[in-house]
Amino acid sequence: MIFTFLLFLLLAASGAVLRWLLSQQGLKGTVFANVLGAFLLALTSDCIDPGATTPGLGPLGPLTTFSTSAAAATQPHEQNGKSKALLYLAATLALGVSAAYLGLTLSQ
Amino acid sequence: MRLSPAILVALGGASGAATRWAIVTQGPGLWENLPLTVLFINMAGCALLGLLLGRGITEQPRLLLGVGFCGGLTTFSTFAVDTAGLFQERLFDEAWSLLAFSIIGGLVAFLLGRKIGKQLA
């Protein structure tokens, strides 16, 4: 149990650092991290019941982020216009959910 | 003491993920096929990030708490897989509801947190 938890912490930390490194490339890096994480979580999930995926596969969670996406979706709006904010939000959602759908389909 | 950026992100990310794991395993789980616990965790993480950015923080706390903890606490992958799972099971009303609640809830929580943070600054 302790070993599992320590492994979880190590993988979670690695996921967060990988996301941060990808985010150095700008918003597209965060979008890529979110899409990759959604695909991998879906692919490695044995159970497709809604909401049942988090505890066992938590390390993939820190690779992706919801809070940064929410923050980024408001900041382009203030800096570069409304269309860029909407484009970023739409791209994140469409690509992320599509990647998860593909992952779930392949895992079956 | 100055820690390297990667160490700060790693510490924050692991703490955030462990917090999410602890809450999810204790939380109510599904309500009407919607994963409420993850939804509320994501909203709380958005509000906390808004609070921190609104108040104004320096680089090290931003990496530890903003990029690390809030990033690790919230999760896009679980949200995406839950939504895709609902679509796959042809529960379209629930899938669109989860999308709408997550997007609107997350943005409102972030903006509200940022507004409070600015008042506290």
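So that the names make sense, note that chain A is the first sequence line, chain B the second, and so on, each numbered from 1.
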Partner chain A: residue of [options] with the largest heavy-atom pair count (under 4.5 Å):
| options | result |
| --- | --- |
| B/Val67, B/Thr83, B/Leu99 | B/Val67 |
| B/Ala80, B/Ala95, B/Ala22, B/Gly13 | B/Ala80 |
| B/Gly71, B/Gly50, B/Pro5, B/Ala18 | B/Gly71 |
| B/Ala109, B/Ser102, B/Ala84, B/Gly106 | B/Ala84 |

Quick one: does A/Trp20's side chain get under 4.5 Å of B/Leu63's, heavy atoms only? yes
Side-chain heavy atoms under 4.5 angstrom apart, residues restricted to Ile, Leu, Val, Met, Phe, Trp, Tyr: same cluster for B/Ile7 and A/Leu10? no
Against chain A, label B/Ser15 side chain, backbone, both or neither, depending on which of its atoms sit under 4.5 Å from a heavy atom there. neither
Which class fits the ring pair A/Phe8 and B/Trp21: parallel under 30°, tilted 30 to 60°, perpendicular over 60°? tilted
Side-chain polar contacts of residues 89-103 of chain A - donor-acceptor pairs under 3.5 angstrom, sequence neighbours left out - could you list them?
residue	atom	partner	partner atom	Å
A/Thr92	OG1	A/Tyr88	O	2.9
A/Ser98	OG	A/Ala94	O	2.6

Can you give me the closest heavy-atom contact between B/Ala14 and A/Ala12, atom names plus distance? CA-CB, 4.1 Å
Heavy-atom closest pair, residues A/Arg19 and B/Gly68: NH2-O, 4.1 Å
OG1-CZ distance between A/Thr64 and B/Phe79, expressed to the nearest 0.5 angstrom: 10.5 Å
Connected hydrophobic set around B/Val108, excluding itself, where side chains approach under 4.5 Å: B/Ile104
Please output the side-chain donor-acceptor pairs of residues 27-43 of chain A that fall under 3.5 Å, not counting sequence neighbours, one pair per line with the distance.
residue	atom	partner	partner atom	Å
A/Lys28	NZ	A/Gln25	O	3.3
A/Asn34	OD1	A/Thr65	N	2.9
A/Asn34	ND2	A/Thr65	O	3.4
A/Asn34	ND2	A/Ser69	OG	3.1

Do any of residues 41-48 of chain B come closer than 4.5 Å to chain A, heavy atom to heavy atom, and if so which ones, in number order? B/Asn42, B/Gly45, B/Cys46
Toward chain B, the part of A/Ser23 with a non-hydrogen atom under 4.5 Å: neither
